[in-house]
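Order of the sequence lines fixes the chain letters, A, B, ..., with proteins taken first and strands second; residue numbering starts at 1 for each chain.
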Amino acid sequence: TGLSSKPLNSLIILQIISTMETQVSNGPSGTSLPNGPVISSNGATDDSKTNLIVNYLPQNMTQEEFKSLFGSIGEIESCKLVRDKITGQSLGYGFVNYVDPNDADKAINTLNGLKLQTKTIKVSYARPSSASIRDANLYVSGLPKTMSQKDMEQLFSQYGRIITSRILVDQVTAGISRGVGFIRFDKRNEAEEAIKGLNGQKPLGAAEPITVKFANNPSQKTGQALLTQLYQTAARRYTGPLHHQTQRFRLDNLLNASYGVKRFSPITIDSMTSLAGVNLTGPTGAGWCIFVYNLSPEADESVLWQLFGPFGAVTNVKVIRDFTTNKCKGFGFVTMTNYDEAAMAIASLNGYRLGDRVLQVSFKTSKQHKA
DNA sequence: TCATATT
């Protein structure tokens, strides 16, 4: 046919295939087989009960950490952290498709709202992928400062189903509206109708008209913005470690954000640093292994993610359980990628009161039981 | 005059 020698034609073929896949996955809902995937009459699998979208992931979370976190719930059929095609940067969201619909449900119940670093992740069922749900995100400006998120949703809901909405607030004055926000509709045509109906209009009782337009798409940045981003990430890589005082400040902010509690650990970072090298197992493969003692019998992996996630990159967590009762034996392990973040977590969480227990947290040593 | 929601 001559197609094989022309890259452009290959691209077209790929697009055709991808269109076919889209059509197939949007086929009629099918029948559920016992303990198996839902198969529709045309042979395609229906992922609506197993496939999740995860939003507001920390920027530095890797595919491996992502899989590790959601794999702690149950067997994963597939998962993907979505990255920018050009820069490779995480776009802050991903997909997890479980084998068992019950695990998808469990993941929503236990991981939705989990605080990781500065983010609160959102876990929900993914809508079937289709072109009609893309580019349905609107940027709204000129909103009255008194307008709440609920008010804004009420205004826009006449044009379609709203998936998310947000009003940006001033960081320093703690929560005063900046008069700008976002509305994501289920369908792009709903967003288009909302622009036609509301752009340049004055909301009831408002003094000024609002501006409604499509939001900037993060995956199609300008060349200048791309260069800026590349430069900034490169600069961060080559910047030395933050001063300890600064780290302590960041640490308190993270803790306050995550737990709403301020606490001070008697252990300083410097004393932790002096610990390094004498008694540690050291960075084994993936990172630094941390020993966590005095967990309750009911403790599970999500507790460890919640405790350590705010401090930085966590690649793995494990609760050690009794073989017969399946209850936690009182301890577990956490692996963190970066030494500084691990030391910070230990300095803050050692002596941390979790329920009626006081945790003991340290780097894992080669002979732990010898106290 | 914009945080990161459809692989």
Side-chain angles (χ1 to χ4, degrees), chain A residues 14-15 17-26 44-48 50-61 63 66-67 70 76-98 108 112 116-143 149 152 160-171 175 177-188 190-191 195 199-200 208-222 224-226 228-229 232-233:
Chain A
L14 281 175
Q15 283 176 341
I17 292 171
S18 107
T19 306
M20 290 168 66
E21 285 173 348
T22 300
Q23 288 167 346
V24 164
S25 66
N26 283 333
T45 59
D46 173 10
D47 291 340
S48 65
T50 57
N51 194 29
L52 304 179
I53 184 164
V54 184
N55 294 295
Y56 310 107
L57 291 167
Q59 178 61 235
N60 62 9
M61 187 175 220
Q63 164 80 27
F66 183 58
K67 183 172 186 181
F70 285 85
I76 290 174
E77 195 274 327
S78 62
C79 76
K80 181 176 191 176
L81 177 69
V82 179
R83 295 180 174 282
D84 185 283
K85 283 198 245 324
I86 300 159
T87 66
Q89 297 279 301
S90 166
L91 291 181
Y93 67 94
F95 296 89
V96 181
N97 194 13
Y98 284 100
I108 291 174
N112 183 42
L116 290 177
Q117 296 170 244
T118 60
K119 307 284 188 185
T120 301
I121 71 171
K122 180 176 176 183
V123 185
S124 56
Y125 289 110
R127 291 171 287 160
S129 180
S130 85
S132 65
I133 67 173
R134 290 177 50 183
D135 304 318
N137 195 23
L138 298 180
Y139 175 71
V140 188
S141 57
L143 292 166
Q149 184 185 359
M152 185 175 68
R161 178 185 165 208
I162 294 167
I163 300 302
T164 53
S165 72
R166 168 168 299 182
I167 288 180
L168 301 187
V169 294
D170 191 293
Q171 293 294 316
S177 168
R178 290 167 53 193
V180 302
F182 294 89
I183 294 266
R184 178 178 297 276
F185 279 99
D186 183 34
K187 296 290 193 300
R188 179 169 58 249
E190 295 170 343
I195 292 175
N199 183 40
E208 301 297 325
I210 60 173
T211 301
V212 184
K213 58 206 283 193
F214 282 108
N216 294 340
N217 195 324
S219 59
Q220 52 195 54
K221 283 184 183 157
T222 67
Q224 183 61 257
L226 274 175
T228 306
Q229 187 180 348
Q232 283 173 346
T233 53

Once you round it to whole Å, what is the distance between [atom2] of [N] and [atom1] of [X]?
{"X": "A:Q59", "N": "B:dT4", "atom1": "CD", "atom2": "P", "answer": "10 Å"}
{"X": "A:K80", "N": "B:dT6", "atom1": "NZ", "atom2": "P", "answer": "13 Å"}
{"X": "A:I121", "N": "B:dA3", "atom1": "CD1", "atom2": "C1'", "answer": "17 Å"}
{"X": "A:I53", "N": "B:dT4", "atom1": "CD1", "atom2": "P", "answer": "14 Å"}
{"X": "A:L138", "N": "B:dA5", "atom1": "CG", "atom2": "C1'", "answer": "13 Å"}
{"X": "A:N217", "N": "B:dA5", "atom1": "CG", "atom2": "P", "answer": "11 Å"}
{"X": "A:D47", "N": "B:dT6", "atom1": "CG", "atom2": "C1'", "answer": "13 Å"}
{"X": "A:N112", "N": "B:dA5", "atom1": "CG", "atom2": "C1'", "answer": "13 Å"}

NA contact type, [X], heavy-atom cut-off 4.0 Å: base, sugar-phosphate, or nothing?
{"X": "A:R83", "answer": "nothing"}
{"X": "A:Y93", "answer": "sugar-phosphate"}
{"X": "A:S141", "answer": "nothing"}
{"X": "A:K119", "answer": "sugar-phosphate"}

Return the CZ to CD1 distance between A:F214 and A:I195, rounded to the nearest 0.5 Å. 4.0 Å
Classify the side chain of [X] and the base of [N] as holding, or not holding, a donor-acceptor pair under 3.5 Å.
{"X": "A:D186", "N": "B:dA5", "value": "no"}
{"X": "A:N216", "N": "B:dT4", "value": "no"}
{"X": "A:R134", "N": "B:dT6", "value": "no"}

Residue [X], side-chain heavy atoms: nucleotide from [options] that is nearest:
{"X": "A:K122", "options": "B:dC2, B:dT7, B:dA5", "result": "B:dA5"}
{"X": "A:R166", "options": "B:dC2, B:dT6, B:dT4", "result": "B:dT4"}
{"X": "A:Y139", "options": "B:dT7, B:dC2, B:dA5", "result": "B:dC2"}
{"X": "A:R178", "options": "B:dA5, B:dC2, B:dT6", "result": "B:dC2"}

Can you find a side-chain donor-acceptor pair between A:Q149 and A:S165 that sits under 3.5 Å? yes
Quick one: does A:R161's side chain have a donor or acceptor within less than 3.5 Å of a partner on A:D186's backbone? no
Taking ring-ring contact (aromatic ring centres under 6.0 Å, His included) as the test, write out the residues that go with A:F70, two or more places apart. A:F66
Scanning both residues in full, the closest heavy-atom pair of A:I210 with A:G142 reads CG2-O, 3.6 Å
